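This report refers to the structure that appears directly beneath it.
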Number of protein chains: 2
Amino acid sequence: MELFLSQGFDETTVAQIAEAAQVSQMTFFRHFPTKDSVVFDDPYDPVIAGLVAAQDSALPAMERVRRGLLAAWSAMPGPADSAVRDKIGLIAGHPRLAAGIWENNRRTEDLLVKALVGTGVARLEARVAAGSCLGGVTAALLDWAAEPDGQDLRERMGAALALMGAPGDPCGPGGTVRRAR
Amino acid sequence: MELFLSQGFDETTVAQIAEAAQVSQMTFFRHFPTKDSVVFDDPYDPVIAGLVAAQDSALPAMERVRRGLLAAWSAMPGPADSAVRDKIGLIAGHPRLAAGIWENNRRTEDLLVKALVGTGVARLEARVAAGSCLGGVTAALLDWAAEPDGQDLRERMGAALALMGAPGDPCGPGGTVRRAR
DNA sequence: GGCCAAAATGTTAGTCTCTAACATTTAGGC
DNA sequence: GCCTAAATGTTAGAGACTAACATTTTGGCC
């Protein structure tokens, strides 16, 4: 990460990484399947899926995912914002890496869909809800990283999820429930 | 595409592609920046952005994007479903290619954001709305390609966008408007 | 038809990521 | 102190992509 941040991702070869780590190239690839994978490490998926599954099953799928993500972001310890911003900034500035975020999201999406379908939600509805919510938070995340000023990350995520709860958050606490299953 | 579909993407080298096209490797790379790029060609972005911009600016951003996408999918001529399904299926079955869809979506997202911000929507709201809606339709698209049975694509997209209009489509024609700008 | 500039294509050599096969070292249990 | 297993190293190579330079093809113009 130091090398990536100082000279850029493409300008850093794995030979350099290996040398900096006092290790052979081969060893590098035994620890990281690809050079890209150095940048990605999100062990939060199971937590998120659990929190989504824990939401009131009477709510529409979209709302359950939304609230689950909200709960997840509130609960996360997370490293210092500046480190995260550096990393996300690096990713956001590099199309191929940015696409890689979605390779992660796809896994998260699959977990969420499984959790939802397990509690009686239709498959398409589950996919759309998961995909839509993840799309929203990811857009907000990339937008956050692009800003130099720097609002608090958790606040930002809360704001984004609130926006998706529009219009007027009719499904807020005690709000309308479309249909029970 | 023939080679990809018959032998798989990774199993097809650009040397083979070049040979099949009676052309040198170098020439291949002059027409396609990467091997991956052969699979992606979506010239629909400007249309979508235009239709989103055309929606009633009194509606919340999320709803405008949703309706714009709906209009876009209804208006599209689009090639035969089977060809599209083959292509999307190829992409969906290959994590790196699937991630590539998002490299496209990012461009679309940027266009949508520009269109929305141009009509007075706050940046974060625009980003979240665009990201969320694109996330939903993309999830539905990949889900559609995974199914062998085969519902009509346009129908499927309509269904997905309707799901995102939840709960109860309170912003449906004549519905509640949260705030005007 | 013949000429000429510009565009498209080819050739070669090289860099970089990543893999396979095999040799070597290191670590930990008995 | 030995012996197995894990971790690491070495070498060779495939495959995507690039740079530099030579060659052909194309299309307008006289």
Side-chain angles (χ1 to χ4, degrees), chain A residues 1-43 45 86-108 110 142 145, chain B residues 1-43 45 86-107 110 138 142 145:
Chain A
M1 285 303 301
E2 276 170 34
L3 289 172
F4 289 162
L5 289 173
S6 66
Q7 357 170 339
F9 184 82
D10 286 333
E11 289 68 35
T12 305
T13 72
V14 329
Q16 290 176 316
I17 301 174
E19 192 190 347
Q22 312 237 37
V23 131
S24 77
Q25 269 198 39
M26 192 69 254
T27 299
F28 169 86
F29 280 115
R30 277 198 264 252
H31 287 267
F32 298 91
T34 67
K35 179 178 153 188
D36 298 27
S37 70
V38 173
V39 184
F40 299 105
D41 57 334
D42 283 330
D45 285 8
D86 279 352
K87 185 186 269 195
I88 307 277
L90 179 71
I91 295 175
H94 192 296
R96 207 185 74 234
L97 286 180
I101 284 198
W102 293 102
E103 225 164 316
N104 263 22
N105 274 5
R106 190 90 165 105
R107 274 200 301 279
T108 311
D110 288 343
L142 292 176
Chain B
M1 285 304 300
E2 277 170 34
L3 290 172
F4 289 163
L5 289 174
S6 66
Q7 1 170 338
F9 184 83
D10 286 334
E11 289 67 36
T12 304
T13 71
V14 329
Q16 290 176 318
I17 300 175
E19 192 192 346
Q22 311 237 38
V23 133
S24 77
Q25 270 197 40
M26 192 69 252
T27 299
F28 170 86
F29 281 114
R30 277 198 265 251
H31 286 268
F32 298 91
T34 66
K35 178 177 151 188
D36 298 28
S37 70
V38 172
V39 184
F40 299 105
D41 58 335
D42 282 330
D45 285 9
D86 279 352
K87 184 185 267 195
I88 309 277
L90 179 71
I91 296 175
H94 192 295
R96 206 185 75 235
L97 287 180
I101 284 196
W102 292 102
E103 227 163 315
N104 262 24
N105 274 4
R106 190 88 166 106
R107 275 200 300 279
D110 288 342
T138 303
L142 292 175

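These figures come from a predicted structure and were not determined experimentally.
Atom CG of D110(B) is separated from atom CG of D45(B) by 10.0 Å, given to the nearest 0.5 angstrom. Summarising the geometry, atom CD belonging to E11(A) is positioned 10.5 Å from atom CZ belonging to F4(A); distances are rounded to the nearest 0.5 Å.
In this structure, K35(A) places its NZ atom 8 Å from C1' of dC16(C), rounding to the nearest Å. A straight line from CD of E19(A) to C1' of dG9(D) spans 16 Å, rounded to a whole angstrom. Between F32(B) atom CZ and dT18(D) atom C1' the separation is 18 Å, expressed in whole Å. Between F4(A) atom CZ and dT17(C) atom C1' there is a gap of 12 Å when expressed in whole angstrom units. Taking atom CG on D10(B) and atom C1' on dC18(C), their separation rounds to 12 Å, with Å as the unit. The distance between atom CG of L97(B) and atom P of dA16(D), rounded to the nearest whole Å, is 13 Å. Rounded to an integer number of Å, the gap from CD1 of I17(A) to C1' of dC16(C) is 12 Å.
Residues N105(B) and W102(A) form no side-chain contact, since every pair of their non-hydrogen atoms from C-beta on lies 4.5 Å or further apart.
Only V23(B), S24(B), M26(B), T27(B), R30(B), listed by number, bring a heavy atom of residues 23-30 of chain B to less than 4.0 angstrom from any atom of DNA chain C.
A donor-acceptor pair under 3.5 Å is formed between the side chain of T12(B) and the backbone N or O of G8(B). In terms of modelled atom types and a separation under 3.5 Å, the side chain of K35(B) and the main chain of F9(B) share a donor-acceptor contact.
Residue contacts shown for S37(A) are absent, as no nucleic acid heavy atom lies under 4.0 Å away.
The number of heavy-atom neighbours closer than 6.0 Å to CD of E19(A), taken from other residues, nucleotides and ligands shown, is 12 or below.
For dA8(C), the OP1/OP2 oxygens have no side-chain nitrogen or oxygen of H31(B) closer than 4.0 Å.
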